[in-house]
2 protein chains.
Amino acid sequence: MARAKPESAAAPADADARDRLVAAAQEAFAEHGFKGATVRAICAAAGANVAAVNYYFGDKEALYVEAVKAAHLCAGRMDTVPVPPAGAPPVEKLRAFIREMVSRMHAPASPTAMKLMMREMAHPGRAAHVVVTEFIQPAAFALRGILRELLPALSEPELLMVGFSVMGQCLFYRQNRPVSELIFGKAEVDALTVEMVTDHVVRFTLAALGHAPPIGAKKPGGKR
Amino acid sequence: MARAKPESAAAPADADARDRLVAAAQEAFAEHGFKGATVRAICAAAGANVAAVNYYFGDKEALYVEAVKAAHLCAGRMDTVPVPPAGAPPVEKLRAFIREMVSRMHAPASPTAMKLMMREMAHPGRAAHVVVTEFIQPAAFALRGILRELLPALSEPELLMVGFSVMGQCLFYRQNRPVSELIFGKAEVDALTVEMVTDHVVRFTLAALGHAPPIGAKKPGGKR
DNA sequence: GCCGGGGTTAAACGGATGTTTCAATCGCCT
DNA sequence: AGGCGATTGAAACATCCGTTTAACCCCGGC
């Protein structure tokens with residue numbers, strides 16, 4: 001064990017070799033997966049020697065775990081999502097939650113970090129635990145709390161499925177974007193701005209819950 | 001080129017070596033991905049020699065493509081989904097579509113084949129094209145047609161997003177099941193039967209479109 | 001001045017992987 | 001029976017991967 005640094009942002013090419021390795025590992029693992037990415041390629045991208053990964057992390061898998069941890073830090077915690085309204089009405093909280101979630105999915109701060117996280121979520125491995133407990137779980141419980149306020153009469157499984165419907169809509173734009181572009185063409189999909197998607201998901205969800213006019217109806221000019 | 005067989009179901013262990021290889025490849029690729037699965041392991045599982053894969057397919061990637069093609073055949077075409085109602089009302093068509101989609105996602109005929117397809121969809125490669133054009137595209141266009149009937153006033157992008165909301169809900173239960181179980185516990189997630197999920201997604205969607213009472217309201221006893 | 005240790009490097013090692021070779025075997029047809 | 005193409009078998013090949021080794025460099029402290 002050699003160091004204990006506060007771990008800054010994504011290594012800017014003149015940072016510590018360790019940080020550059022983590023950054024290069026994020027890129028490589030996000031693009032090619034754990035097996036597909038080679039430590040030689042990672043070290044080359046980081047401008048370091050092949051032995052560096054074993055010197056700093058021990059082995060390839062430890063580097064992977066470190067890369068995922070760094071990614072979930074970079075992508076931002078999710079429990080801080082519904083900040084704007086503290087004691088606001090539940091509908092407003094839900095609106096804020098969806099807005100934040102769609103934004104992060106549609107245009108994340110670090111696309112590389114997000115891609116790596118999604119890869120780990122699709123096939124959970126050793127690094128999944130920290131991402132789930134620190135990144136996803138808080139968001140899920142926050143959403144469940146909001147929905148419980150909004151729908152006090154629903155049973156537990158029903159509430160769970162409502163949450164899944166919300167998350168499913170948000171995650172779709174991140175998990176199925178390549179396929180969507182293949183089907184409908186890149187232009188048509190790219191035409192959907194983050195604002196359009198946000199407004200749509202909010203409206204679709206609120207309409208389903210009876211707190212907004214349904215999609216078929218004409219749009220309300222100013223509903224706030 | 002040696003053969004041209006009608007390509008039956010998933011090789012039952014006494015089938016052609018070629019079919020056994022494809023079946024074993026599906027299993028291995030679905031579980032470990034393209035890089036993670038080794039031709040030696042595949043051949044061992046198929047009870048064939050290492051040279052067999054090169055003899056029948058040329059190389060590993062060709063076998064992968066063949067496995068994905070076979071998988072999308074096994075998982076069933078998607079354009080045959082809204083069969084029950086021919087000239088039925090659009091709402092009924094949508095209901096049938098969602099029902100079929102959720103069923104296939106929640107409890108597919110061949111979980112292995114479905115897992116392999118999902119893997120390829122998450123990171124499209126050489127085999128993605130045939131799966132998209134023959135498996136996903138028909139379903140997507142069928143859904144768009146149904147929604148267009150249902151919502152003639154909507155613009156093209158809005159219709160697209162409605163379709164994404166429907167697909168997002170359906171796909172969630174396949175793409176995010178491991179994570180959901182990590183968050184809420186396997187028991188709670190397993191408690192959601194395919195019937196419950198189907199009814200929920202149908203009701204959520206129809207409510208959002210104004211063709212069913214919202215989720216918050218008490219359930220309609222017999223709505224048909 | 002030199003010594004020592006953290007950081008770095010090039011080279012090599014053992015193993016695994018995709019692929020190839022070539023002989024042996026099987027099944028069928030004349 | 002004999003021949004012949006299709007298939008299978010075991011071994012080898014070349015390459016690549018993760019990891020290790022041992023020497024090297026640099027720099028601050030006794």
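Keep in mind that this is a model prediction, so the values were computed, not measured. Numbered from 1 within each chain, the chains take letters A, B, ... in sequence-line order. Values below: every heavy atom of this structure, side chains too, minus hydrogens, waters and symmetry copies.
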Ion pair check, A:R119 and A:E31, cut-off under 4.0 Å
no
Send over the distance from B:Y64 OH to C:dT17 P, rounded to a whole Å.
18 Å
Using a 4.0 Å heavy-atom cut-off, does B:A41 contact any base of the nucleic acid, only the sugar-phosphate backbone, or nothing at all?
nothing
Over how many whole Å does the gap from A:K35 atom NZ to C:dG18 atom P extend?
10 Å
In whole angstrom, what separates A:H32's NE2 from D:dC17's P?
12 Å
Show every donor-acceptor pair shorter than 3.5 Å between a side-chain atom in residues 182-191 of chain B and any protein atom, with sequence neighbours excluded, or say none if there are none.
from   : atom 1 : to     : atom 2 : distance (Å)
B:K186 : NZ     : B:D190 : OD2    : 2.8
B:D190 : OD1    : B:R177 : NH1    : 3.0

Are any protein N/O atoms closer than 3.5 Å to N/O atoms in nucleotides 8-11 of chain D? If there are, list each pair with its distance.
from   : atom 1 : to    : atom 2 : distance (Å)
D:dT8  : OP2    : B:Y56 : OH     : 2.6
D:dA10 : N7     : B:N49 : ND2    : 3.4

Specify the closest pair of heavy atoms between B:R148 and B:L154, including all atoms of both residues, with the distance to one decimal.
NH1-O, 2.9 Å
Length of the CG-P vector between B:N54 and D:dA12, whole Å
18 Å
Quick one: list whatever passes side-chain hydrogen bond (donor to acceptor under 3.5 Å, both in side chains) with A:K35, sequence neighbours left out.
none
Without decimals, in angstroms, what is the distance between B:F57 CZ and D:dT7 P?
12 Å
Show your working on side-chain contact (heavy atoms from CB on, under 4.5 Å) between B:Y173 and B:V102 and close with a plain yes or no.
CA-CA 8 Å; B:Y173 294 87; B:V102 171; 5.7 Å; no
Whole-Å distance, A:D59 CG to D:dC17 C1', equals 14 Å
Other residues, nucleotides and ligands only: do more than 12 of their heavy atoms fall within 6.0 Å of NE2 on A:H123?
yes
For B:K60 and C:dA16, give me the distance from atom NZ to atom P, rounded to whole Å.
15 Å
